[in-house]
Protein chains: 2
Amino acid sequence: MTPNKEDYLKAINKLGGCDDLIANKKIADALHISPASVSEMLTKLEKEGAVEYVPYHGIRLTPAGKQQSAALLRNHRLWEVFLLRHLGYSWSEVHEEAELLEHVTSPRLAQSLDAFLKHPDFCPHGAAIPSTDGKIKAIPLRKLAQMSVQDTSTIRKVTEEKEFLNYLQERNIQIGSSFTVLSIEPYEGPITIKLADKQIVLSYKAACHIEVDA
Amino acid sequence: MTPNKEDYLKAINKLGGCDDLIANKKIADALHISPASVSEMLTKLEKEGAVEYVPYHGIRLTPAGKQQSAALLRNHRLWEVFLLRHLGYSWSEVHEEAELLEHVTSPRLAQSLDAFLKHPDFCPHGAAIPSTDGKIKAIPLRKLAQMSVQDTSTIRKVTEEKEFLNYLQERNIQIGSSFTVLSIEPYEGPITIKLADKQIVLSYKAACHIEVDA
DNA sequence: AAAATAATTTAGGCATACCTAAAAGAGGAG
DNA sequence: CTCCTCTTTTAGGTATGCCTAAATTATTTT
């Protein structure tokens with residue numbers, strides 16, 4: 001297994017390959033490579049027992065592939081927690097470093113890091129950190145965009161996209177921040193919230209990328 | 001620059017390529033690859049400006065190559081300190097993990113890690129950690145094998161070889177341990193030392209791999 | 001100084017992982 | 001049900017980084 005193949009497994013997992021058949025094209029788009037290259041690689045991954053490949057119809061992760069991709073997700077998120085908490089990285093900076101570190105993280109290293117970090121349940125963006133056996137701890141969430149005026153809740157998860165994270169950071173929006181919805185403009189208009197005694201105006205799109213306690 | 005090429009630079013550095021011309025064969029032996037592969041790779045490394053290549057006579061690191069290999073050594077040793085101090089790794093276990101981590105360590109990450117570790121001067125085996133500009137802090141040392149009976153000193157550096165480290169660990173020999181030489185058998189015979197009130201018998205060869213304050 | 005030996009490079013191959021272009025298959029619209 | 005389109009696969013090519021075997025260059029021995 002190479003970092004390369006690991007990226008395929010991660011992408012397939014992210015696209016829902018734990019349950020559904022995933023189309024070649026979707027993987028090609030996710031990894032920014034040609035569909036031809038994907039076909040070729042999938043044949044190899046099937047030989048290695050990581051995916052179940054139905055030519056012309058897509059692929060699905062095998063139990064081994066699920067386990068492997070969950071471990072990568074786990075490694076990635078543990079490193080993110082470490083970088084943020086202990087090395088002074090910001091929210092928006094941790095992803096890129098973790099992307100490299102996850103591929104050189106032995107089970108032993110992941111376990112030690114997990115213990116060092118006191119077994120965190122979530123990464124800095126609020127995504128659940130799978131346990132060693134691949135299970136994830138799910139808590140009920142809803143999109144901020146789906147809240148009503150006067151509702152109060154707490155921010156639990158945001159989309160991991162660098163520019164968006166900077167957008168949030170500038171507005172002092174963090175995981176764990178509690179807030180109240182002050183107003184919602186119709187037709188996907190901006191949403192105004194009160195957070196830490198300050199009024200913040202969010203675009204509708206931004207509000208779709210923020211998840212809060214249900 | 002790939003992890004592969006980085007390993008070449010590290011090997012050349014280790015063999016003395018900062019100052020002398022290093023023979024193709026030595027590099028091939030160090031990396032366990034064929035001399036033919038080394039020739040080929042050196043041509044590439046020269047094109048990239050990392051080595052100065054004199055066909056049939058050997059290679060030397062350029063200033064850029066020196067800088068690069070020092071950074072790798074720095075990354076490696078910083079991770080070793082982290083694994084030992086914070087993740088509960090033992091002396092003999094840190095090297096292998098660091099060997100992978102060093103290649104995915106950005107300058108920013110190295111800097112943050114260095115600060116987190118409070119700017120350590122030495123790795124767990126006593127080797128100096130180069131500063132960002134590649135300079136190393138040298139302290140005068142001698143081999144334990146070159147001491148005389150009744151001499152007292154402190155262990156500062158040991159050879160990084162897994163089996164040897166386990167040998168030392170079993171005998172409770174650590175960096176910073178002070179000891180006195182009790183007896184030395186002639187013709188490269190065993191050397192007995194007193195360390196922490198215990199008598200320890202070291203083979204001559206082992207004593208050659210332990211460095212102490214001069 | 002010539003011959004033997006050792007080191008190094010070149011030549012030709014192999015595997016990985018990507019690409020483009022062309023062929024083959026799947027699925028929807030008329 | 002056939003045609004058209006989109007997706008997927010196959011075919012052929014590139015670059016990396018390794019290999020072995022053969023040719024070349026350097027060194028050591030006689």
Side-chain angles (χ1 to χ4, degrees), chain A residues 1-17 20-62 64-65 68-69 72 99-100 102-104, chain B residues 1-17 20-62 64-65 68-69 72 99-100 102-104:
Chain A
M1 190 58 57
T2 64
N4 222 307
K5 290 177 181 167
E6 291 181 343
D7 284 337
Y8 274 84
L9 295 187
K10 274 175 57 192
I12 295 164
N13 181 314
K14 200 171 181 179
L15 294 168
D20 310 319
L21 282 174
I22 305 303
N24 181 314
K25 190 177 191 307
K26 285 200 171 178
I27 300 165
D29 289 347
L31 297 174
H32 304 109
I33 55 182
S34 73
S37 302
V38 173
S39 281
E40 197 179 6
M41 182 62 91
L42 293 182
T43 318
K44 288 175 195 163
L45 284 173
E46 171 155 65
K47 273 193 203 123
E48 292 176 30
V51 301
E52 189 186 330
Y53 184 27
V54 189
Y56 291 106
H57 287 277
I59 47 202
R60 202 191 331 251
L61 293 170
T62 61
Q68 176 91 4
S69 61
L72 287 162
E99 201 67 23
L100 298 175
E102 63 183 9
H103 298 293
V104 292
Chain B
M1 190 57 57
T2 64
N4 221 306
K5 289 177 180 168
E6 291 181 343
D7 283 337
Y8 274 85
L9 295 187
K10 273 175 56 192
I12 295 164
N13 181 314
K14 201 171 180 180
L15 293 168
D20 310 320
L21 281 175
I22 306 302
N24 181 313
K25 190 177 191 308
K26 286 198 170 181
I27 300 165
D29 289 347
L31 296 174
H32 303 109
I33 54 182
S34 73
S37 302
V38 174
S39 282
E40 198 179 6
M41 183 61 91
L42 293 182
T43 317
K44 287 175 195 163
L45 284 172
E46 170 156 66
K47 272 193 202 121
E48 291 175 31
V51 302
E52 189 186 330
Y53 184 27
V54 190
Y56 289 106
H57 287 278
I59 49 205
R60 201 189 334 246
L61 293 170
T62 62
Q68 176 91 3
S69 61
L72 286 163
E99 200 67 23
L100 298 175
E102 64 182 8
H103 297 294
V104 293

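In what follows, chains carry the letters A, B, and so on, assigned in the order in which the sequence lines appear, proteins first and then strands, with residues in each chain numbered from 1.
- For the residue pair B:Ser69 and B:Leu61, the shortest heavy atom distance occurs at OG-CD1, 3.7 Å.
- Put simply, the residue from A:Lys44, A:Glu46, A:Met41 that forms a side chain to side chain contact (heavy atoms under 4.5 Å, CB included) with A:Val51 is A:Glu46.
- In this structure, the side chains of A:His103 and B:His103 stay at 4.5 Å or more apart for every pair of heavy atoms.
- The distance from atom CG of A:Leu42 to atom P of D:dT10 is 12 Å, rounded to the nearest whole Å.
- Counting only residues at least two apart or in different chains, salt bridge (Lys or Arg N to Asp or Glu O under 4.0 Å) contacts with residues 52-62 of chain A comprise A:Glu52-A:Arg60.
- Using a 4.5 Å heavy-atom threshold, the side chains of B:Glu6 and B:Glu102 count as separate.
- The side-chain heavy atoms of A:Thr2 and A:Lys5, taken from C-beta on, include a pair separated by under 4.5 Å.
- If you take NE2 of B:His57 and C1' of D:dT24, they are 13 Å apart, rounded to a whole angstrom.
- Of all the residues in residues 45-53 of chain A, not one reaches under 4.0 Å from DNA chain C with any non-hydrogen atom.
- The line from CD1 of B:Ile33 to CG of B:Asp7 is 9.5 Å long, rounded to the nearest 0.5 Å.
- Put simply, NZ on B:Lys25 is 17 Å from P on C:dT5, counting in whole angstrom units.
- The side chain to side chain contact (heavy atoms under 4.5 Å, CB included) with A:Leu15 is formed by just one residue from the set A:Ile59, A:Asp29, A:Ile27, A:Asp20; it is A:Ile27.
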Next on the checklist: Generate the contact string for nucleotides 10-23 of chain C. Rules: B means base contact, S means sugar-phosphate contact only, - means no protein heavy atom under 4.0 Å.
Outcome noted: B-----SSBBBB--
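- One interatomic measurement links the two molecules: CG of B:Asn24 to P of C:dT9, which rounds to 5 Å at whole-angstrom precision.
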